[in-house]
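Okay, so here's the structure we're looking at.
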There are 2 protein chains.
Amino acid sequence: MKSISYLSHLSVDNVIFGYHNKQLKVLLMKLRNNGHWMLPGGFVKEDESILNAAKRVAHERTGLDQLYLNQFKTYGDPQRNKDSRIEKQKVYQKYTFDQKEVNIVDSYFVSIGYYTLTEFSKVEIQLGPVDEDCQWFALDEIPHLLYDHNQLIKDALIALRFHVDHYPIGKKLLEKKFTMPEIQALYETILEKSIDRRNFSKKIMKSGILIKLDEQRNIGAHRAPYLYTFHEEKYAEALQNGIASFF
Amino acid sequence: MKSISYLSHLSVDNVIFGYHNKQLKVLLMKLRNNGHWMLPGGFVKEDESILNAAKRVAHERTGLDQLYLNQFKTYGDPQRNKDSRIEKQKVYQKYTFDQKEVNIVDSYFVSIGYYTLTEFSKVEIQLGPVDEDCQWFALDEIPHLLYDHNQLIKDALIALRFHVDHYPIGKKLLEKKFTMPEIQALYETILEKSIDRRNFSKKIMKSGILIKLDEQRNIGAHRAPYLYTFHEEKYAEALQNGIASFF
DNA sequence: GCAATAGTGTCTGTAAGACAGTATATT
DNA sequence: AATATACTGTCTTACAGACACTATTGC
């Protein structure tokens, strides 16, 4: 194996949320020779920022660039990398750090948690160099993951929902032009609650981030919905400064 | 120097806020042979959680136990430990990690930021083993600090204010029994804004975390204020679940 | 005309924020 | 009496949340 210098005892873990058609999923992977599902993660190179390390990890699996990553919490407890289910001898376990090989299983890693949210319908999953499998999982079908990764997902969800509540989303999740029911479904799916149509529309229009277009989209045997786009400046400003409270 | 095993390239930095008598201060220190003020920080032992590492760092300087620490952000950029003002040869710079000596200056450290808030009047500052000086600084008198530590303080303040806005504080900052003006001054100082007396009292009483006692405190040539204590259960519950929005 | 979905306005309750006059303790 | 600080209630306004009928399209 080629010797690459990574910071030892440090990793990044990514909770990659994917949205498509009223479904919210999480990207999970299996390490070769390991057999347990886990979050995509990786290590930090000696000359790399932690944010770029997290972006690289996400890019390796999804091919996506320009992801909007959010750091949500850092985990560091000597017990967190113990998992009694691991058969140590079978595990892909040697990794070169600073010229010496290290057991990546069962040794203490401090891990920086990031999450991101993306449209998953066009993502073609690629396996990383040490991956055996990689797939999207619906939130209610997440298996028991390695280490503390189930907890990371819980924490990331809380952070994501908080974010959605205070900052605009949707630019990378919806088409350029979208309907009010579409963006409402996005919010409802992420927040896992239903929102009154009239109140939703009132509120989001008042925030100013949407522009109503003089176009409609014909979909099915019913009244055609109007199309909207994001107001670029207002959207960017709200992303900077936040919105008092959204939904 | 004794060989202690620490996780390399990883540190914790503490923003220790101290409140006393309408003043909010930050504890800063100077490293021996360095000459620049910085946040108290330290390294993580091989068998230690990052939270305990941060507690140990705070304990070393303040002697305080049972601090309520909050992790707010992790910093990791190869550029963050560069500081052109450092005279490298003069710096206390050798530290033993994993049996080998490492330059702690100018090498890449990922740092986990914690903040805490404590009453500072009874704290007797102790110098850590590598400290030259350690003192409280008012927020508007903070000098230019090493590395990105001024930014850490900014971020910690935002996190602290957010926390104060959504969770109860005061148990470790006020005496067992306190007056309404006292707790209001605490909020006003931390949030750096004045709050209407009538609205403050209305709001905090409605939250249920205060119990009005049938006692008054005689202080000075004016009407005696009533005393209050925290409602233990309500306080604990609010600390768990948060309060919609406070001030 | 039937089925399906989109569009829209009003009312009510609650909470935030502005605001001023009275009460009490000390000297 | 004068000074200093504490105590308290009402009004206005904005927003959240509940709620129902009409409009359009395809078949």
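Chain identifiers are assigned alphabetically (A, B, ...) following the order of the sequence lines, protein sequences preceding nucleic acid strands; residue numbering begins at 1 within each chain. Computed from a predicted model, the values in this text were never measured in an experiment.
Residues satisfying the ring-ring contact (aromatic ring centres under 6.0 Å, His included) criterion with B/His59, sequence neighbours excluded, are absent altogether. For B/Phe137, the ring-ring contact (aromatic ring centres under 6.0 Å, His included) partners at least two apart in sequence or on another chain are B/Trp37.
A salt bridge links B/Asp131 with B/Arg61: the distance from a Lys NZ or Arg NE/NH1/NH2 to an Asp or Glu carboxylate oxygen falls below 4.0 Å. In summary, A/Lys193 and A/Glu188 do not engage in a salt bridge, as defined by a charged side-chain N under 4.0 Å from a carboxylate O. Between B/Glu60 and B/Lys55 no salt bridge is recorded (no basic side-chain N to carboxylate O distance below 4.0 Å).
In this structure, the CE atom of A/Met205 is 12 Å from the P atom of C/dG9, given to the nearest Å. The distance from atom OH of A/Tyr228 to atom P of C/dA6 is 11 Å, rounded to the nearest whole Å.
Residues of residues 176-190 of chain B that place a heavy atom closer than 4.0 Å to DNA chain C do not occur.
Along DNA chain D, read 5' to 3', the first and last nucleotides having any atom under 4.0 Å from a heavy atom of chain B are D/dT3 to D/dT10.
Using cut-offs of 30° and 60° on the angle between ring planes, the pair B/Tyr75 and B/Phe72 is perpendicular. Relative orientation of the A/Phe230 and A/Phe178 rings is tilted, given thresholds of 30° and 60° on the angle between their planes.
Nearest-nucleotide positions on DNA chain D for A/His222 and B/Ser201 put B/Ser201 closer to the 5' end. Between A/Pro225 and B/Ile219, the residue anchored nearer the 5' end of DNA chain C, judged by the nucleotide with its closest heavy atom, is A/Pro225.
Between B/Thr74 and B/Ser111 the shortest side-chain heavy-atom distance does not fall below 4.5 Å.
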Scan the side chains in residues 15-30 of chain A for donor-acceptor partners under 3.5 Å anywhere in the protein, sequence neighbours excluded, and list what turns up.
| residue | atom | partner | partner atom | Å |
| --- | --- | --- | --- | --- |
| A/Tyr19 | OH | A/Lys22 | N | 3.3 |
| A/Tyr19 | OH | A/Leu186 | N | 3.4 |
| A/His20 | ND1 | A/Glu119 | OE2 | 2.8 |

>> Before you tell me yes or no, could you show the steps for A/His163 and A/Tyr167 under ring-ring contact (aromatic ring centres under 6.0 Å, His included), namely the whole-Å CA-CA distance, both residues' side-chain angles and the distance that decides it to 0.1 Å?
In response: CA-CA 6 Å; A/His163 182 87; A/Tyr167 299 89; 5.0 Å; yes
>> Strictly under 4.0 angstrom, non-hydrogen atoms only: write out the protein contact profile of nucleotides 13-22 of chain C, one letter per nucleotide from the 5' end, B, S or -.
In response: --SSBBBB--
